[in-house]
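Read through the structure below, which is laid out as structure tokens, and then see the notes.
Reckoned from all heavy atoms, side chains included, excluding hydrogens, waters and symmetry mates.
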Amino acid sequence: MSDRVVVEVEDGVADVRLNRADKMNALDSAMFHALSEAADRIRERSDVRVVVLSGEGRAFCAGLDFDSFRGMADSDDSGPREPVLEIPEGRITSSGQEPVYAWSSLEVPVIAAVHGVALGGGLQLALGADLRIVAPDAKLSVLEIRWGLVPDMTGTQILPQLVGLDVAKELALTGRMVEGTEAVALGLATKLADDPRATALAMARDIAGKNPHAIRGTKRLLDLAGRVTLAEGFAEEARIQRALIGSPNQVEAVTAYFERRDAVYADPS
């Protein structure tokens, strides 16, 4: 795996850190590939129950590295064009969208810990997480409008779900900076913490101590809400609950509670 992203797994928690501190974890081609690869590797691991996504150094992610991406979308004779905006047949994402969608599409919950800045693509990466814990003085912005662009890393589809359509348009059309406190008030972030990564890891460890099948089932059902009909949502809810009731991990949850001990769960196969 590229050294652009560091992954450490302990007790069911994958600690994933963007590792380009000298550039405030800006997104270059190597970072795009490393993020997608890291998510794919985690997807293959049955022992990961929760992911914490953070950035090394002074920031979560400063957004696009324009030096690395300048001219990437232009077709010329200097060499092959990287298809960051093209969606390959059989997929729903371009290679520019996949580094975000890869995290939101994981079966396990992802918690983004945001400090410093999360700008443009960096904010969209945070939006790809299920939860966002931000420092009070963190600065977030849908910054693409400054460069005459639109958010193109899945942000246009995720942002309105979190803050409402009108606020999403205001943020995307102005590109204004939002500090952590306002981000929580708007619904752009989940909660404040002076040390977002430590708080995210503590939350992740708490979640990882629950039935891993119920964790995955809960995320799946909540992600379906509003995207399928009520009949489909109710049917899936009933299907997942039937599979859980009486299963070894569900029995262990009840037994451990009444025996006043920590539960010991089997990882999904």
Give a yes or no on whether a salt bridge exists between E44 and R41, defined as a side-chain N under 4.0 angstrom from a carboxylate O. no

Validation row: F60, V134 side chains within 4.5 angstrom (heavy atoms): no

We want to know whether R227 and Q161 form a side-chain donor-acceptor pair, criterion being a heavy-atom distance below 3.5 angstrom. yes

Closest heavy-atom pair, A59 versus N25, reported as atoms and distance to 0.1 Å, is O-ND2, 2.9 Å

Between A138 and V114, what is the shortest heavy-atom contact and its length? CB-O, 4.1 Å

Determine which pairs satisfy ring-ring contact (aromatic ring centres under 6.0 Å, His included) with at least one residue from residues 130-172, sequence neighbours left out, and list them in order. F66-W147

Would you say the side chains of E98 and T93 form a donor-acceptor pair under 3.5 Å? yes

Take K219 and D130, measure what salt bridge (charged side-chain N to carboxylate O under 4.0 Å, His left out) needs, and give me the verdict at the end. CA-CA 9 Å; K219 173 172 175 172; D130 299 286; 3.0 Å; yes

Distance-only donor-acceptor pairs under 3.5 Å for side chains of residues 6-15, two or more places apart:
residue: D15; atom: OD1; partner: R197; partner atom: NH2; Å: 3.4
residue: D15; atom: OD2; partner: R17; partner atom: NH1; Å: 3.0
residue: D15; atom: OD2; partner: R197; partner atom: NH2; Å: 2.4

Donor-acceptor contacts, no H, no angles, side chain residues 167-177, under 3.5 Å, sequence neighbours left out:
residue: E170; atom: OE2; partner: R176; partner atom: NE; Å: 2.6
residue: T174; atom: OG1; partner: E170; partner atom: O; Å: 2.7
residue: T174; atom: OG1; partner: R176; partner atom: N; Å: 3.3
residue: R176; atom: NH1; partner: E182; partner atom: OE1; Å: 3.2
residue: R176; atom: NH1; partner: E182; partner atom: OE2; Å: 3.3
residue: R176; atom: NH2; partner: E182; partner atom: OE2; Å: 2.7

Side chain proximity check, L27 to F32, heavy atoms < 4.5 angstrom: yes

Under 3.5 Å, is there a donor-acceptor pair between the side chain of Q124 and the main chain of G155? yes

Is the backbone N or O of A112 less than 3.5 Å from a side-chain atom of R132, with the two atoms forming a donor-acceptor pair by type? no

Of all heavy-atom pairs between P212 and A266, which one has the smallest distance, and what is that distance? CG-O, 3.5 Å

With a 4.0 Å cut-off on N to O distance, would you call R4 and D28 a salt bridge? yes

Under 3.5 Å, is there a donor-acceptor pair between the side chain of T255 and the main chain of E252? no

